[in-house]
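The figures here come from the full heavy-atom set of this structure, side chains too, leaving out hydrogens, waters and symmetry mates. Here the structure is a predicted model, which means the values were calculated and not measured. If you read the sequence from its start, that first residue is 1, and numbering goes on from there.
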Amino acid sequence: MAKFIFVTGGVVSSLGKGLTCASIGMLLERRGLNVRLQKFDPYINVDSGLLSPAQHGEVYVLDDGTTTDLDLGHYERFTNTKLTWDSSWTTGQIYQRVFEKERRGEYQGTTIQVIPHITNEIKQCIMRIVGLDTDVVITEIGGTVGDIESLPHMEAIRQFALDVGKENCLYIHLTLIPFLKAAKELKTKPTQYSVGQLRQIGIQPDILICRTEVSLSQDERAKIGLFCNISTDAVIEEKDKDFSIYEVPLSLMENKLDQLLVDKLHITNVVSLDLSDWRELVSKLRNPQHEVKVAVVGEFAGYRDAYKSTYEALEHAGVQCNTQVRVLWIPSRDVLQSEMRYELNKANAIIVSGSFGESEIDGKIESVRIARENNIPFLGIGLGMQVAIIEFARNVLHLENANSTEYDKDTPHPVIALLDEHHTYTRNGGKLKIGADTTVFKLGSRVHDIYDKNQLAYERFRHRYEFNNQYRQQFERSEMQFSATSPDSLLVQGIELSNHNWFVGVQYHPEFKSQPTKPHPLFKALINAAIKTSQ
């Protein structure tokens, strides 16, 4: 039978439950176990894809097209687990499922209540992720213990141990041990209070993972264990990492968390833990041979989590190229200011990021122009590819006021537009393309070489607007190549310039497929090009 680990958070929000879950998943995978991960978010939104990146961080996209919270990006970067639509649940989705069942008459007139109907639905969603080969399921409960929104989830996971047996279920509580600098003391009372709230619900944590600025002494761990009714060896220190998040699994391993989990869940079919590749990763991060500055232009540039996967993909590529990547975040609305144009001109590479919905494209178009005219390595992602086409249409092909119909429905040259099911220009619709799909690369193109001369790739998309094929011949007679297309060749999925040092735009989102030890080839190639420009 599968084992179940539930991870909750206490004292304050944003402690890093997602990162901790991803690290635990990685450690257990390295012990030879088949792990599945999922997250329950307490907010009432039904669709994570409609949340503002400024409030909730980036919208992460899975292969099957599910839009999720950014923590699922951590899961995929740290583990090899397969994430699907049942890996991510919001309270809104849970209630929606219950409402739909009620309308179909499945409850046969029963009064619908939080207990048992909502809690039963939560438990069913936990079980949905279990496969025939699943050894361990790790479920993250979003929010903070004490939040009213999280109470149904807490009650559901309390009941879950009764359903599957406590020997198959384990509770981890991630908490904060604040350090008062004036008194030079660690304070354990907030953690005691948080665990007390869990115990009032009926959940006794099996393991405490303690976020702290300074190391916990053995006496402090013993005190925490005593007051929280946990053995001292189950009080795990997770000291703040001021260098890299990729140190977290190593820290948890040094605190013997993997062995503690295996022992408490009575799992015997495990192998020895080997994190030598992860140690090498951290060593390369600490000892780079080069340094480059990459400017990332986007409307949410003030919010690092809004481009979390892009930032991590750059770091992965930097590790592979033995390079420290300094990221310069530039809000697209500020690009037209002279000082920002100056910063862009000094960058070793420029990325114009993806976006969805409202966007300030004038600054992005200007960023593309600077990269194109100054031979600065450039990568356009999603909307970044689209604005590269718009900039080229205006300034090279002289198509005056060329634009996307998303931003100017009356543009005289709709080079980016909605297409119908026959991939023909239309003003009346356009299907959202979301999830993984096949991309075909043109033989001999730059991207064909970047992908090790593989002609096909399976990449993730999230967009509605496409290149308008009415302008295809005009572009094909120019220096801009359509180097990647859909399998039927009708949708443009990648562009590059033949007369430029390194200029690539893709309609898909390569950042979602990058891992620390397996950087995405596009980001790796961009950093290599940036190194050359820096020398």
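Summarising the local packing, CD of E400 is surrounded by 12 or fewer heavy atoms from other residues, nucleotides or ligands at distances under 6.0 Å.
Partners of S486 according to the side-chain contact (heavy atoms from CB on, under 4.5 Å) rule, which considers only residues two or more places apart in sequence or in another chain, are D488, L491, Q493. Scored by the salt bridge (Lys or Arg N to Asp or Glu O under 4.0 Å) test, K17 finds no partners at all (sequence neighbours excluded). Take Q320 and apply the side-chain contact (heavy atoms from CB on, under 4.5 Å) test, not counting sequence neighbours, and it matches P519, K524. Under the rule for a side chain to side chain donor-acceptor pair (under 3.5 Å), the partners of T20 that lie at least two apart in sequence or sit in another chain are E238. Residues that satisfy the side chain to side chain donor-acceptor pair (under 3.5 Å) test with T84, not counting sequence neighbours, are D86. Not counting sequence neighbours, the partners of D449 by the side chain to side chain donor-acceptor pair (under 3.5 Å) test are K453. T67 is linked by a side chain to side chain donor-acceptor pair (under 3.5 Å) to D47, counting only residues two or more places apart in sequence or in another chain. Annotation: side-chain contact (heavy atoms from CB on, under 4.5 Å) contacts of A306 (sequence neighbours excluded): P53, F300, Y303.
Judged purely by atom type and a 3.5 angstrom limit, S23 uses its side chain to pair as donor or acceptor with the backbone of L19. Side-chain atoms of D408 come within 3.5 Å of backbone N or O of D410 as a donor-acceptor pair. S353 contributes a side-chain N or O that, together with a main-chain N or O of V297, makes up a donor-acceptor pair within less than 3.5 Å. Remark: the backbone N or O of V61 is paired with a side-chain donor or acceptor of R460 at under 3.5 angstrom. A donor-acceptor contact shorter than 3.5 Å links the side chain of N468 to the backbone of Q470. In this structure a side-chain-to-backbone donor-acceptor pair under 3.5 Å is present from N469 to L490. The backbone N or O of S309 lies less than 3.5 Å from a partner atom in the side chain of E58, making a donor-acceptor pair.
Ring geometry for Y471 versus H413: interplanar angle over 60°, hence perpendicular rather than tilted (30 to 60°).
Taking each heavy atom of G57 and L70 in turn, the nearest pair found is CA-CD2, 3.6 Å.
Residues E299 and K364 are paired through a salt bridge, judged by an N-O separation under 4.0 Å between the basic side chain and the carboxylate.
Counting only N and O atoms by type, the side chains of Y311 and E511 include no donor and acceptor under 3.5 Å apart. For the residue pair E140 / Y75, a side-chain donor-acceptor distance below 3.5 Å is found, with atom types taken as modelled. Using modelled atom types and a 3.5 Å distance limit, the side chains of E459 and T439 yield no donor-acceptor pair. Counted by atom type alone, Q324 and Q289 present zero donor-acceptor pairs between their side chains at under 3.5 Å.
Pairs engaging residues 316-331 under the salt bridge (Lys or Arg N to Asp or Glu O under 4.0 Å) rule: E291-R326 [sequence neighbours left out]. Pairs passing the ring-ring contact (aromatic ring centres under 6.0 Å, His included) check and including a residue from residues 415-434, sequence neighbours excluded, do not occur. Pairs of residues two or more places apart, or lying in two chains, that qualify as side-chain hydrogen bond (donor to acceptor under 3.5 Å, both in side chains) and include a residue from residues 366-375 are N345-N374, E366-R369, R369-E373, R372-E391. For residues 275-286, every residue pair satisfying the salt bridge (Lys or Arg N to Asp or Glu O under 4.0 Å) rule, not counting sequence neighbours, is listed here: R30-D277, E247-R286, E280-K284.
V12 is not listed as a side-chain neighbour of T144, based on a closest heavy-atom distance of 4.5 Å or more.
The side-chain hydrogen bond (donor to acceptor under 3.5 Å, both in side chains) test with S514 singles out one residue from R77, H316, H520, and that residue is H316. Exactly one residue among T139, T81, T68 makes a side-chain hydrogen bond (donor to acceptor under 3.5 Å, both in side chains) with Q38. That residue is T139.
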